[in-house]
Amino acid sequence: MIKQKSSVIKNIFSIMSGDLSSYAVSLLGSYYILTKLNMVEYATVNIVIGLPDLFLMLTNWGINTACIQFISEKKYDFTQIFYSGFIIKISTSLVGTGIIYLFSDHISVHFLKRADIGIFLRMSSVLLILLTLYNFFRAICIGYEDYTNPSKISLVKVITKYLISIILIYKGYRITGVIYGTIISFIISDFVYYFVIVKKRNNDVVKIYDTFILIYRLLIFGYPLFIGSLISIFNRRIKNVLLPYYGNDDEISNLSASNLFYAVVNTITGSFTTTYLTALSKYDHTVSNIEDLFNECDVFMRYTSIFISPIIIYSIFYSNTLLSYIFQDKFAMSSKYNIYLMMPLIFVLFGNKISYSLFISQKDTQVAMKIMSFSSFILLIVSVFCLELFGIVGYLYSIIISIFIETIIQNIYMYKKYEYKIKIFLSLQILLTSVSSGLVSYYLPITSNISLIIMLIKTLIFFSTYVILLLIQSIITKSDLLVIKQIFIK
């Protein structure tokens, strides 16, 4: 059991380290490119690279998640799953790429109101194929429980992208330099992924009939997730229309700046949910011992709470200090917005997001779609009222309310479908421990002429207090220490 726990935690750290490293390099690279391009050029780059990314959402169809689940449960041949998923992904991406390429001038004039960027859209259209294959190959590796290669390839891709882009900008290519840098980095990454996957597949002959049967099953599994994603995309588009109506440019800029820590915590949470999906897919609640599935869920929820809770609470207590260091007193309202953005993430401790891993692992994608759709509907309705009453802050209120309702519904469905109940009091205990650590470190008087030293000492006190309080309450047990030893001490 200890070996199994250490394996799961090791996988989480592996994918998390890769994603966070890539995110950090991406932030630095984007900032550097921003300093070399003027605002019009930088906006053009974001538009032409962002369009294939938008089409990627429309051509996803939930196949990546389906492949992770199908490979993890080990009921189907790995090679068969790979080729079945590949046929779907390459077909949809080719259609999407063709649409962008053929209608690039129409899109640039009538939708983007930028008649000058049609040629750049045609150049970047191939990105849809490359992005599709990149995400598909990553899903295949994760389904196979290979977390090391995706982390390495992700970091190499980002470094390659910005390195080539910066070189080409210096050579005078500017917008086209960033586009070429992005395309080349994805080509390299996709080839590396393909050769990694080729080593994993067997040499059995792929049967055409079995392939079409599996394509059908992948689509049936994935389409509810696709519909849920489409509704979420629609919601985001509505948000982009509503926010400028109720807020000024300064407020919207501050809101965008406050997304920094939210994106980091979301990335960390994503590492947990992805790892749990592969682990829980090994269980079938209809035939396996349901207690084994429950035990796994309890372990996952406890570790999620232990790791995620202090990060959320720390970013709430020290929001103002951290953001002032990063933005140098610009975006004065961003720390306030950041606190509101962090609050909905607290519900992760009570099953939000993690519950989707359980539903999808047990092939209950219809349930996942219903909850996602209802949550999006609630967010849309509540946000209209809150924006009218409170302005931009009202939108943040609506996120908290909708996530709270979503978490309640998720817990109801988990009990209804599997009779599984999250240990709410344990999650509360861990949350209160995080808050107590925050209060101790925040209000403890520390004097120094250098503010950075004060911040570092308070950070050390916060996390040290948190660990000590967990040990005193026996929330971290001897078994957990053995798991940590298994991971870090060879």
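We number each residue from 1, following the sequence as shown. No experiment lies behind these values; they were computed from the predicted model shown.
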> Got a donor-acceptor contact below 3.5 angstrom from the Ser427 side chain to the Leu349 backbone?
Replying inline: yes
> Given Ile129 and Tyr134, is the side-chain contact (heavy atoms from CB on, under 4.5 Å) satisfied, shown in steps?
Replying inline: CA-CA 9 Å; Ile129 297 173; Tyr134 177 85; over 6 Å; no
> Would a 4.5 Å heavy-atom cut-off, applied to side chains only, mark Thr269 and Val265 as touching?
Replying inline: yes
>> I'd like to know whether OH of Tyr418 has more than 12 heavy-atom contacts from other residues, nucleotides or ligands below 6.0 angstrom.
In response: yes
> Is the closest side-chain donor-acceptor distance between Thr433 and Gln473 under 3.5 Å?
Replying inline: yes
> Do you know which two heavy atoms are closest between Cys386 and Tyr397, and how far apart they sit?
Replying inline: SG-CB, 4.3 Å
> Salt-bridged, Glu73 to Lys363, with N to O below 4.0 Å?
Replying inline: yes
>> Working to the nearest 0.5 angstrom, can you tell me the gap between Leu133 CG and Ile90 CD1?
In response: 4.5 Å
>> Would you compute the distance between atom CG of Leu428 and atom CD1 of Ile430 and round it to the nearest 0.5 angstrom?
In response: 9.5 Å
> Going through the checks in order, is the ring-ring contact (aromatic ring centres under 6.0 Å, His included) test met by Tyr442 and Tyr318?
Replying inline: CA-CA 8 Å; Tyr442 190 80; Tyr318 295 102; 5.8 Å; yes
>> Could you work out, with salt bridge (Lys or Arg N to Asp or Glu O under 4.0 Å) as the rule, every residue matching Lys421, not counting sequence neighbours?
In response: none
>> Using a 3.5 Å distance criterion without hydrogens, assess whether the side chain of Tyr276 forms a donor-acceptor pair with backbone atoms of Ser271.
In response: no
> With a 4.5 Å heavy-atom cut-off, do Ile179 and Ile183 have their side chains touching?
Replying inline: yes
>> Within a 6.0 Å radius of atom CZ on Phe221, are there more than 12 heavy atoms belonging to other residues, nucleotides or ligands?
In response: yes
>> Show, in sequence, the C-alpha distance, side-chain angles and deciding distance for Phe300 and Phe272, and conclude whether the ring-ring contact (aromatic ring centres under 6.0 Å, His included) test is met.
In response: CA-CA 8 Å; Phe300 294 159; Phe272 280 82; 9.4 Å; no
> Below 4.0 angstrom, N of the basic side chain to O of the carboxylate: do Lys157 and Asp19 qualify?
Replying inline: no
>> Side chains of Ser434 and Ser309 only: does a donor on one sit below 3.5 Å from an acceptor on the other?
In response: yes
> Given the rule in the side-chain contact (heavy atoms from CB on, under 4.5 Å) test, do Ile99 and Phe55 qualify, once you have shown the distances and angles that lead to the verdict?
Replying inline: CA-CA 10 Å; Ile99 291 171; Phe55 269 76; 4.0 Å; yes
>> Ignoring hydrogens, what is the shortest heavy-atom contact between Thr278 and Ile142? Give both atom names and the distance.
In response: CG2-O, 3.3 Å
>> Quick check: closest heavy atoms across Trp61 and Leu219, and the distance to 0.1 Å?
In response: CE3-CD2, 3.5 Å
> Is any side-chain heavy atom of Ser91 closer than 4.5 Å to a side-chain heavy atom of Ile87?
Replying inline: yes
>> Tell me whether Asn254 contacts the main-chain N or O of Met333 through its side chain, where contact means a donor paired with an acceptor under 3.5 Å.
In response: yes
> If you look at every heavy atom in Gly85 and Leu218, which pair is closest and at what distance?
Replying inline: N-CD1, 3.9 Å
>> Using a 3.5 Å distance criterion without hydrogens, assess whether the side chain of Ser185 forms a donor-acceptor pair with backbone atoms of Thr182.
In response: yes
>> Determine whether a donor-acceptor pair (N or O, by modelled atom type, separation under 3.5 Å) exists between the side chain of Ser26 and the backbone of Ser22.
In response: no
> About how many Å separate OG of Ser436 and CZ of Phe462, when rounded to the nearest 0.5 Å?
Replying inline: 10.0 Å
> Only one of Thr407, Asn266, Thr304 forms a side-chain hydrogen bond (donor to acceptor under 3.5 Å, both in side chains) with Lys353, so which one is it?
Replying inline: Asn266
> Quick check, are the ring centers of Tyr415 and Tyr420 under 6.0 angstrom apart?
Replying inline: no
> Between Asp364 (side chain) and Val367 (backbone), is there a donor-acceptor pair under 3.5 Å?
Replying inline: no
>> Show me the pairs that pass ring pair (Phe, Tyr, Trp, His ring centres under 6.0 Å) and involve residues 346-375, at least two apart or across chains.
In response: Phe347-Phe404
>> Between Ser319 and Asn338, do the side chains contain a donor N or O and an acceptor N or O under 3.5 Å apart?
In response: yes
>> Measuring only between side-chain heavy atoms, which start at C-beta, is Asn411 closer than 4.5 Å to Ser355?
In response: no
> Taking side chain as C-beta onward, heavy atoms only, is Ile403 less than 4.5 Å from Ile399?
Replying inline: yes
> Minimum heavy-atom separation for Ile100 to Ile107, with atom names?
Replying inline: CA-CD1, 4.4 Å
>> Any side-chain to backbone donor/acceptor pair from Arg138 onto Asn64? Under 3.5 Å, distance only.
In response: no
> What is the minimum heavy-atom distance between Phe226 and Gly62, and which atoms define it?
Replying inline: CB-N, 4.1 Å
>> I need the Ile401 CD1 to Phe385 CZ distance, nearest 0.5 Å.
In response: 11.5 Å
> Which residues satisfy the salt bridge (Lys or Arg N to Asp or Glu O under 4.0 Å) test with Asp146, sequence neighbours excluded?
Replying inline: Lys200
>> Can you pull out every side chain to side chain donor-acceptor pair (under 3.5 Å) where at least one residue sits in residues 366-387? Sequence neighbours excluded, please.
In response: Tyr223-Gln366
> Any side-chain heavy-atom pair from Ile197 and Phe78 closer than 4.5 angstrom?
Replying inline: yes
>> Does atom CZ (Phe103) have a neighbourhood of more than 12 heavy atoms from anything else shown, all under 6.0 Å?
In response: no
> Hey, is the main chain of Gly18 close enough, under 3.5 Å, to the side chain of Ser21 for a donor-acceptor pair?
Replying inline: no
> Side chains of Tyr23 and Val158: closer than 4.5 Å at any heavy-atom pair?
Replying inline: no
> Hey, mind stepping through Asp53 and Leu56 against side-chain contact (heavy atoms from CB on, under 4.5 Å) and telling me if it holds?
Replying inline: CA-CA 5 Å; Asp53 200 36; Leu56 181 69; 3.8 Å; yes
> Is there a donor-acceptor pair closer than 3.5 Å between any side-chain N or O of Ser124 and the backbone N or O of Val48?
Replying inline: yes
> Any side-chain donor paired with an acceptor under 3.5 Å for Ser437 and Tyr314?
Replying inline: no
>> We want to know whether Ser361 and Gln69 form a side-chain donor-acceptor pair, criterion being a heavy-atom distance below 3.5 angstrom.
In response: no
> Quick one: are Met16 and Thr275 in side-chain contact, heavy atoms under 4.5 Å?
Replying inline: no
>> Run the side chain to side chain contact (heavy atoms under 4.5 Å, CB included) test against Ser104 and tell me which residues pass, sequence neighbours left out.
In response: Leu121, Arg122
> CG of Leu341 to OH of Tyr395: how many Å apart, nearest 0.5 Å?
Replying inline: 9.0 Å
> Out of curiosity, Tyr216 OH to Ile88 CD1, how far, rounded to the nearest 0.5 Å?
Replying inline: 12.5 Å
>> Test your reading of the model: is there a side-chain donor-acceptor pair from Gln362 to the backbone of Tyr283, 3.5 Å cut-off?
In response: yes
>> My understanding is that only residues two or more places apart in sequence, or in another chain, count here; which of them pass side chain to side chain donor-acceptor pair (under 3.5 Å) with Thr273?
In response: none
> Given the rule in the side-chain contact (heavy atoms from CB on, under 4.5 Å) test, do Met301 and Glu296 qualify, once you have shown the distances and angles that lead to the verdict?
Replying inline: CA-CA 9 Å; Met301 281 304 309; Glu296 285 289 286; over 6 Å; no
